[in-house]
Number of protein chains: 2
Amino acid sequence: MDEKAAVAVFECLSSGVRLGVFRLLVKAEPVGIVAGDIATALDIAPSSLSFHLRTMTQAGLLRVEQEGRFLRYRANLALMTEVVGFLTENCCSGVSGGCRDADLLSGGIPGCGSSNPVQESEA
Amino acid sequence: MDEKAAVAVFECLSSGVRLGVFRLLVKAEPVGIVAGDIATALDIAPSSLSFHLRTMTQAGLLRVEQEGRFLRYRANLALMTEVVGFLTENCCSGVSGGCRDADLLSGGIPGCGSSNPVQESEA
DNA sequence: ACGATATTTCAACAAATTTGGAAATATGGA
DNA sequence: TCCATATTTCCAAATTTGTTGAAATATCGT
């Protein structure tokens, strides 16, 4: 997963409405929910929901399937797994591994740093 | 971590600039980088960077420490770990566990669903 | 104390996002 | 075929975000 794709996903999750939609759909797995029912459950105007649904689908976060007049949306859990991977890998100096095991914040972990450990300023 | 805090974090990560800032700071752990050097590294106007830095700090994603005239920023890895946890927990029907192990997308996993497995529409 | 530097705050503006209503499209049922 | 329903697309308005330069604040070095 590249940075651009990650940003697209975070963009989706950065709206209360869209995060609500996603969480609702995650709970509804593996059945999914039809657009109209999402609108009803979350009390969003169909027009507005459609806008968000399109954004999320384009980001790959949602999968759609037509069922007659209905469009059934489902959460793309695989992508979410990728996102978790992206976050984990970029969580500790770009070096995978660690970061989940202990609280890196408290300590210092000297060897954990990157190629530019110290920045100098002041001309 | 509640939904509101999660949205705040995703809001931070949903900007190319801010994600760039965060990744830079993650690489610079545990030393951190002073504001001016972030601005130079990412070629952002100081004023604009300050705006993003404040947003990220308010979201708890960054920690600041004053060093004389300088302000040294560091990535809050602990919060990122929380975010990963939030995502993981909300990744498979709100039931923690699983989701990392296999590709849930492909199968169906009948028992995995929530309390409202099927939605009905059509008056 | 004074001048230089680091960073922020402020205000104005540009740009992007979000919303809701009306109309368009498409499917299903009689 | 005709009508009702589901969803989207289109459009205009409202809101939010991001950028910029100038001024303010604070600290350092002399």
Side-chain angles (χ1 to χ4, degrees), chain A residues 3-4 7-22 24-25 28 31-59 61-74 118-123, chain B residues 3-4 7-22 24-25 28 31-59 61-74 118-123:
Chain A
E3 178 157 330
K4 203 172 174 183
V7 166
V9 171
F10 294 137
E11 232 161 61
C12 285
L13 270 29
S14 71
S15 147
V17 173
R18 285 190 296 263
L19 183 54
V21 168
F22 187 74
L24 184 66
L25 286 173
V31 177
I33 313 182
V34 155
D37 288 345
I38 300 175
T40 301
L42 270 42
D43 194 37
I44 311 168
S47 172
S48 186
L49 176 66
S50 186
F51 165 77
H52 291 297
L53 252 24
R54 185 164 58 92
T55 302
M56 297 175 77
T57 304
Q58 281 176 340
L61 212 50
L62 262 41
R63 303 301 202 85
V64 212
E65 198 181 346
Q66 183 147 18
E67 277 182 15
R69 286 178 282 177
F70 304 88
L71 286 180
R72 180 168 297 270
Y73 286 87
R74 289 185 51 195
V118 178
Q119 238 79 12
E120 279 305 328
S121 211
E122 180 77 276
Chain B
E3 178 157 329
K4 203 172 175 183
V7 166
V9 171
F10 294 137
E11 231 162 63
C12 286
L13 271 29
S14 71
S15 147
V17 172
R18 285 190 295 262
L19 183 55
V21 168
F22 186 74
L24 183 66
L25 286 173
V31 176
I33 313 182
V34 299
D37 288 346
I38 301 176
T40 301
L42 269 42
D43 195 34
I44 311 168
S47 172
S48 186
L49 176 66
S50 186
F51 166 77
H52 292 296
L53 252 25
R54 185 164 59 93
T55 302
M56 298 174 77
T57 303
Q58 281 176 341
L61 213 50
L62 263 41
R63 304 300 202 86
V64 212
E65 199 181 346
Q66 183 147 17
E67 277 182 14
R69 287 178 280 178
F70 305 89
L71 285 179
R72 181 169 298 269
Y73 285 88
R74 289 185 50 195
V118 178
Q119 239 79 11
E120 276 308 325
S121 211
E122 181 77 275

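Values in this document were obtained by computation on a predicted structure and should not be read as measured data. Each chain gets a letter, A, B and so on, in the order its sequence line appears, and its residues count up from 1. Note: hydrogens, waters and symmetry copies are ignored here, and every other heavy atom, side chains too, is used.
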Per-nucleotide protein contact string for nucleotides 11-18 of chain C (B base, S sugar-phosphate only, - none; heavy atom under 4.0 Å)
-------B
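Of all nucleotides listed (dT7(D), dG20(C), dT8(D)), dT8(D) comes nearest to the side chain of S50(A). Here the nucleotide nearest the side chain of Q66(A), chosen from dT7(C), dT27(C), dT7(D), is dT27(C). Residue R69(A) has its side chain nearest to dG28(C) when only dT8(D), dT27(D), dG28(C) are considered.
F70(B) CZ to I33(B) CD1: the interatomic distance, rounded to the nearest 0.5 Å, is 14.0 Å. Atom CG in L53(B) sits 8.5 Å away from atom CD1 in I44(B) (nearest 0.5 Å).
Along DNA chain C, the nucleotide nearest L53(B) and the nucleotide nearest I44(A) are compared for position; the residue whose nucleotide lies closer to the 5' end is L53(B).
Of all heavy-atom pairs between R18(A) and H52(A), the closest is NH1-ND1, 3.0 Å. Residues L13(B) and L61(B) approach most closely at CD1-CD2, 3.4 Å, considering heavy atoms.
A search for side-chain hydrogen bond (donor to acceptor under 3.5 Å, both in side chains) contacts involving E65(B) returns nothing, not counting sequence neighbours. In this view, E3(B) and R23(A) satisfy the side-chain hydrogen bond (donor to acceptor under 3.5 Å, both in side chains) rule, not counting sequence neighbours.
Distances shorter than 4.0 Å separate some side-chain N or O of Y73(B) from OP1 or OP2 on dT8(C).
Distance, L62(A) CG to dT8(D) P: 11 Å, rounded to whole Å.
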